[in-house]
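For reference, the structure is listed below as structure tokens.
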Protein chains: 2
Amino acid sequence: MADEQEREPSPFAALAAMDRLVHDPSRLAILTLLLGWTEVEFSYLLAATGLTKGNLSSHLAKLEAGGLVEVTKGHKGKTPWTRAKLTKEGRETVEGHWNDLDRLRREAAHWA
Amino acid sequence: MADEQEREPSPFAALAAMDRLVHDPSRLAILTLLLGWTEVEFSYLLAATGLTKGNLSSHLAKLEAGGLVEVTKGHKGKTPWTRAKLTKEGRETVEGHWNDLDRLRREAAHWA
DNA sequence: ATATGGCGTTTGCAGCGCAAACCCCGGCGT
DNA sequence: ACGCCGGGGTTTGCGCTGCAAACGCCATAT
């Protein structure tokens, strides 16, 4: 198999193909914040990211649909209380994404 | 001025606000490739990024409209010959973007 | 009663990125 | 002469997205 004419993809092709679900700025912010905690409240995410409630809500929904975060809704007393945490896959994906970015940047730099 | 109640933005807010013109994967690939050269041909970009002709064309148009890239169209013999290069602003912007990403990732990591 | 405000969800729309279709020119086969 | 492929790009069409604004719901205050 080593004699297969392997088309070595440039780092640029990999960069161009990054997963938008993760790479999108708002979501990358959410995901990166979540890396530092086991579980975070909606209102904390709200303040830390500067997103609006509406947009945070829909980004979380998308991340949940993609299997990267788990969202838990409950009540604290009578008021709603929503928390988010990374799934195992989510954590791996986000860490992987940052590492990929780092690596691609370095590879790109020494590309002839 | 030091007594101004400076609202210190979290790195996450800065991440969430990254400029999409630069951060978009395809364009980040194009821009990063351009960092390594003074001028690059359309067909080289095409091969290196794995984009289609159509999409490369429109991304370049957008980058040019944003003042990050200068596109020069001419002819080599009779066939069209298009080249792209970073503007001064473009170069600063792309380098800045990568540095920002690096920095934000680090700040995020030691965020309590 | 009726505001006000916390906590989120839903909706409406403009704009974007992607794939496919298209245009133009030069060579090649017949 | 005519069709056809292929290199070099541009334009078009459309589904999806992300943002802001509107909404829903339940407390507490007036």
Side-chain angles (χ1 to χ4, degrees), chain A residues 12-34 39-85, chain B residues 12-34 39-85:
Chain A
F12 309 107
L15 203 46
M18 301 246 84
D19 183 357
R20 299 170 170 295
L21 179 62
V22 179
H23 190 69
D24 171 273
S26 303
R27 282 184 305 253
L28 188 55
I30 294 170
L31 292 168
T32 302
L33 189 158
L34 289 176
E39 194 167 64
V40 173
E41 303 189 6
F42 187 96
S43 50
Y44 184 65
L45 278 169
L46 194 60
T49 60
L51 294 168
T52 64
K53 296 181 283 182
N55 295 338
L56 176 54
S57 178
S58 70
H59 281 307
L60 283 177
K62 232 156 251 196
L63 290 171
E64 186 168 33
L68 301 183
V69 312
E70 191 189 335
V71 177
T72 313
K73 300 170 191 194
H75 300 275
K76 185 171 230 168
K78 280 292 184 62
T79 78
W81 184 44
T82 302
R83 288 137 290 158
K85 62 189 295 190
Chain B
F12 309 106
L15 248 183
M18 301 244 85
D19 182 358
R20 300 170 169 290
L21 179 62
V22 179
H23 190 69
D24 172 273
S26 304
R27 281 181 309 251
L28 188 56
I30 295 170
L31 292 167
T32 302
L33 190 159
L34 289 176
E39 194 166 66
V40 173
E41 304 189 5
F42 187 95
S43 50
Y44 183 66
L45 278 169
L46 194 60
T49 61
L51 294 169
T52 64
K53 296 182 284 182
N55 296 337
L56 177 54
S57 178
S58 71
H59 281 306
L60 283 178
K62 231 156 253 197
L63 291 171
E64 186 168 35
L68 301 184
V69 166
E70 191 190 335
V71 177
T72 314
K73 298 167 194 198
H75 300 275
K76 186 169 230 168
K78 281 291 183 64
T79 78
W81 183 44
T82 302
R83 288 137 292 158
K85 62 190 296 191

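Note on naming: letters A, B, ... go to the chains in the order of the sequence lines (proteins, then strands), and numbering restarts at 1 for each one.
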Difference in axis direction between the ends of the helix from C:dA1-D:dT30 to C:dT30-D:dA1, five pairs, 10°: 30°
Base versus backbone protein contacts along nucleotides 7-19 of chain C [heavy-atom cut-off under 4.0 Å; B, S, -]: BBBB-----SSBB
Results of side chain to side chain contact (heavy atoms under 4.5 Å, CB included) for B:Ala48 - residues two or more places apart only: A:Ser10, A:Phe12, B:Leu33
Test item: A:Thr32 side-chain N/O and A:Ala29 main-chain N/O as donor-acceptor pair under 3.5 Å: no
Residues forming a side-chain hydrogen bond (donor to acceptor under 3.5 Å, both in side chains) with A:Ser43, sequence neighbours excluded: none
Closest contact, heavy atoms only, B:Gly74 versus B:Arg83: N-NH2, 3.7 Å
Spacing of A:Leu60 atom CG and A:Thr82 atom OG1 [to the nearest 0.5 Å]: 9.0 Å
Sub-4.5 Å side-chain heavy-atom contact between A:Val40 and A:Ile30: no
Without placing hydrogens or testing angles, list every side-chain donor-acceptor pair under 3.5 Å for residues 62-73 of chain A, not counting sequence neighbours.
{"unit_1": "A:Glu64", "atom_1": "OE2", "unit_2": "A:Val71", "atom_2": "N", "d": "3.3"}

Contact boundaries on DNA chain D for chain B, cut-off under 4.0 Å to non-hydrogen atoms: D:dG8 to D:dC19
Within residues 16-32 of chain B or reaching into it, pairs that qualify as salt bridge (Lys or Arg N to Asp or Glu O under 4.0 Å) - sequence neighbours excluded: A:Arg20-B:Asp24, A:Asp24-B:Arg20
For A:Thr49, side-chain hydrogen bond (donor to acceptor under 3.5 Å, both in side chains) partners two or more places apart: none
Integer-rounded Å distance: C:dC24 P and B:His75 NE2: 14 Å
Donor-acceptor contact present, side-chain A:His23 to main-chain A:Ala17, <3.5 Å: no
